[in-house]
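Have a look at the structure below before the remarks.
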Amino acid sequence: METVPVSIRRLLLVITVLGASSPLLAQQDELAGSAQAGKYAEAFQQVEEEARQGVPQAQYSLGRMYAFGQGVEKNMVTAVKWYRKAADQGLAEAQYHLGEAYGAGEGVPQDYVQAYQWMARARQNGEEKAKAAMQSYKELMTEDQLQQAQQGVESSAASTSQP
């Protein structure tokens, strides 16, 4: 029996988590069949359509497809672009992976301050593994960088809590 790559299983899990109100849910079985048959390009086209319509979960999934070269040529700059679109809409997984990209300097210049700030947002939105990542980045930053990162988190929290 052919195994489904981990990244496709993640994509399918992401689609499953969307809930009944998502237009992607109706396509889940079709995507699963496409992905399992190795038809990444077909799955990519379907996810891309939803992403361009502004669906955060699809934007995140599209970013993952670019990050791993599934159905499209691998391109971390474009992956980060899609992560950011979903992250800006509050999607914790996208915020986490955007933070990872900044921490590793993949698709963006390496920036521990940005990495920490995105991880903090992800944690605020329920991404548990972001706490450990924040600690790792904290250890890599200077005192000035940490202060800058924490101030950015505070100002971001203040701006989102105002009506």
Side-chain angles (χ1 to χ4, degrees), residues 6-25 28 44 46-163:
V6 171
S7 53
I8 291 298
R9 289 194 307 254
R10 285 183 186 150
L11 171 63
L12 296 174
L13 176 63
V14 165
I15 293 167
T16 302
V17 170
L18 291 175
S21 63
S22 170
L24 281 180
L25 187 60
Q28 180 180 354
F44 174 84
Q46 293 173 10
V47 172
E48 182 182 38
E49 183 179 326
E50 296 293 330
R52 292 193 185 283
Q53 292 175 13
V55 177
Q57 198 72 45
Q59 292 169 333
Y60 166 71
S61 295
L62 192 60
R64 297 296 285 170
M65 294 179 91
Y66 272 107
F68 290 99
Q70 296 168 328
V72 66
E73 187 174 327
K74 182 178 178 174
N75 184 327
M76 283 305 297
V77 171
T78 304
V80 166
K81 171 188 133 182
W82 287 106
Y83 287 161
R84 184 179 308 280
K85 287 179 182 286
D88 285 343
Q89 294 185 66
L91 188 66
E93 300 116 312
Q95 292 167 334
Y96 179 84
H97 285 98
L98 186 55
E100 278 189 328
Y102 274 107
E106 293 183 352
V108 290
Q110 188 174 46
D111 185 336
Y112 295 136
V113 172
Q114 285 287 323
Y116 183 93
Q117 290 174 339
W118 282 110
M119 289 299 178
R121 291 180 187 121
R123 183 174 178 211
Q124 290 167 350
N125 287 316
E127 183 60 63
E128 292 298 321
K129 61 187 174 184
K131 181 179 180 179
M134 287 173 66
Q135 183 61 39
S136 295
Y137 293 128
K138 185 177 181 179
E139 293 171 8
L140 294 169
M141 289 188 283
T142 66
E143 285 297 320
D144 288 343
Q145 287 174 318
L146 180 58
Q147 185 177 15
Q148 181 185 359
Q150 290 172 337
Q151 287 173 345
V153 170
E154 290 168 9
S155 67
S156 174
S159 69
T160 57
S161 65
Q162 295 178 0

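We use all heavy atoms of the structure for the numbers below, so side chains are in, but hydrogens, waters and symmetry mates are not.
- One finds the CZ atom of R121 at 14.0 Å from the CG atom of L91 (value rounded to the nearest 0.5 Å).
- Side chains of E100 and Y102: no donor on one and acceptor on the other come within 3.5 Å.
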Begin from the C-alpha positions of E93 and Q57 and carry the test side chain to side chain contact (heavy atoms under 4.5 Å, CB included) through to its verdict.
-> CA-CA 9 Å; E93 300 116 312; Q57 198 72 45; 3.8 Å; yes
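- Expressed to the nearest 0.5 Å, how far OH of Y116 lies from OG of S136 amounts to 11.5 Å.
- Between V80 and A101, the shortest heavy-atom contact is CG2-CB, 3.7 Å.
- Residues P56 and A86 approach most closely at O-CB, 3.3 Å, considering heavy atoms.
- Between H97 and Y60, the angle of the ring planes lies from 30° to 60°, which puts this pair in the tilted group.
- We find the OG1-CH2 distance between T78 and W82 to be 9.5 Å, quoted to the nearest 0.5 Å.
- Considering every non-hydrogen atom in both E127 and A92, the closest pair reads CB-CB, 4.0 Å.
- In this structure, E139 places its CD atom where more than 12 heavy-atom neighbours from other residues, nucleotides or ligands lie under 6.0 Å away.
- Atom-to-atom distance recorded for K138:NZ and M134:CE is 8.0 Å, nearest 0.5 angstrom.
- By the 6.0 Å and 45° rule, K129 stacks over the aromatic ring of Y96.
- Across every non-hydrogen atom of A130 and A122, the tightest pair is CB-CB, 4.0 Å.
- A donor-acceptor contact shorter than 3.5 Å links the side chain of Q145 to the backbone of T142.
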So Q124 and V153, side chain to side chain contact (heavy atoms under 4.5 Å, CB included) or not? Walk me through it.
-> CA-CA 10 Å; Q124 290 167 350; V153 170; 3.7 Å; yes
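- Between W118 and Q95 the shortest heavy-atom distance is CB-O, 3.5 Å.
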Give the intermediate values and the outcome of side chain to side chain contact (heavy atoms under 4.5 Å, CB included) for residues L146 and Y137.
-> CA-CA 9 Å; L146 180 58; Y137 293 128; over 6 Å; no
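- One distance of note links CD of Q150 with CD of E154; it measures 7.0 Å at 0.5 Å rounding.
- Contact between A87 and A94 at its shortest, heavy atoms only, is N-CB, 3.6 Å.
- Taking NZ of K131 as the reference point, atom CE of M119 lies at 15.0 Å (rounded to 0.5 Å).
- E50 and Q59 form no side-chain donor-acceptor contact under 3.5 Å, judged by distance and modelled atom types alone.
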Start with the C-alpha distance between R84 and K81, add both sets of side-chain angles, then the distance that settles side chain to side chain contact (heavy atoms under 4.5 Å, CB included), and finish with yes or no.
-> CA-CA 5 Å; R84 184 179 308 280; K81 171 188 133 182; over 6 Å; no
